[in-house]
Amino acid sequence: MISAEWCDRNTLEVAPDLIGCTLVRQLNGETLRGLIVETEAYCPGDPACHAYRGKTPSNAAMFGPPGHSYVYFIYGMYHCFNVVTESLHTGSAVLIRAIELDHLPTGLDAKYKKQGKRIAAGPGKLCRTLAIDRSQNGVALQPGHQLWLEHRTSEFQAKLDRRQHTLVQTTRIGLSKAAEQPWRWYLKDHPSVSKT
DNA sequence: TAGTGGATGCTA
DNA sequence: AGCATCCACTAG
């Protein structure tokens, strides 16, 4: 599993390192495993970061311990899941934008099922698929809980080293502030939105 | 391109 | 206080 210490590093290091790691979700007795294929970094001093204007009740989890979750509600319908980074009292996190699931959750609505592997591509869809909402905000990402992270497998790391996998670094999605920062990473051929 | 609801930032 | 505006999104 991924430890708090591992997350207690510069957000710009953690975000690309999370690509290829696995997000594990326990849901109704079922274990869903998703390969993380797209992330974005939200850093201290970053105008696009929710923590930029200081700590508030809604963004408090970003200032909490590294390795915990930060889940927020947006556009009246969606949730987005982040991994808190850097030391306690530092407001920063990595947004998990897309995962590739090993299998589809049972009991999934037929209208979503036809999306197949793309079902968790996009931060809002990811949370909908894994049933993540603000009840998961601020929780420790540890085995034994409902949500945790696991390191890259040696197979994935080997493919990365052999360049059979390629990490693409580019700009973040949907921002009006600090839009020029290249703080988004995705696994080549797996972006949640077409690259620009 | 509309539309969801909560948070934040104005004005008073 | 109250009201307007913003918003790291998605479906169609």
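Below, chains carry the letters A, B, ... as their sequence lines are ordered, and counting in each starts from 1.
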Kindly compute the distance separating SG (Cys43(A)) from CG (Leu12(A)), expressed to the nearest 0.5 Å. 4.0 Å
Is Phe156(A) atom CZ crowded by more than 12 heavy atoms from other residues, nucleotides or ligands, each under 6.0 Å away? yes
Categorize Asn59(A) for me: base, sugar-phosphate, or nothing, with a 4.0 angstrom heavy-atom threshold over every strand shown. nothing
Would you say dC6(C) has OP1 or OP2 under 4.0 Å from some side-chain N or O of Ser176(A)? no
Interatomic distance, Tyr72(A) OH vs dG6(B) C1' [rounded to whole Å]: 13 Å
OP1 or OP2 of dC9(C) versus the side-chain N and O atoms of Arg97(A): is any pair under 4.0 Å? yes
Would you please confirm or rule out a distance under 4.0 Å between OP1 or OP2 of dT10(C) and any side-chain N or O of Arg128(A)? no
Let me know the distance between OH of Tyr70(A) and C1' of dA8(C), rounded to the nearest Å. 9 Å
Has Lys177(A) got a side-chain N or O lying under 4.0 Å from the OP1 or OP2 atom of dC7(C)? yes
Of the listed nucleotides (dC9(C), dA8(C), dT8(B)), which one gets closest to any side-chain atom of Tyr78(A)? dC9(C)
Phosphate-side-chain proximity, Thr56(A) and dT8(B), N/O vs OP1/OP2 below 4.0 Å: yes
Can you tell me how far P of dA8(C) sits from CE of Met62(A), to the nearest Å? 12 Å
Within this structure, what is the OH-to-P distance between Tyr52(A) and dG9(B), rounded to whole angstrom? 12 Å
I need the CG-P distance between Leu126(A) and dA8(C), as an integer number of Å. 18 Å
Tell me whether Ile132(A) is reachable from Leu95(A) by hopping between hydrophobic residues (I, L, V, M, F, W, Y) whose side-chain heavy atoms are closer than 4.5 Å. no
Whole-Å distance between dC7(C) C1' and Arg53(A) CZ? 12 Å
Going from CD1 on Ile19(A) to CD on Gln169(A), what distance comes out if it is rounded to the nearest 0.5 angstrom? 10.5 Å
Give Ile173(A) one of three labels, base, sugar-phosphate or nothing, depending on what nucleic acid heavy atoms sit under 4.0 Å from its own. sugar-phosphate
Output the distance between atom CG (Leu147(A)) and atom CG (Leu141(A)), rounded to the nearest 0.5 Å. 5.5 Å
Tell me the partner of dA2(B), counting only Watson-Crick (N1-N3 plus N6-O4 or O6-N4) or G-U wobble (N1-O2 and O6-N3) with both under 3.5 Å; none if nothing fits. dT10(C)
Rounding to a whole Å, what distance do you find between Phe73(A):CZ and dT10(C):P? 13 Å
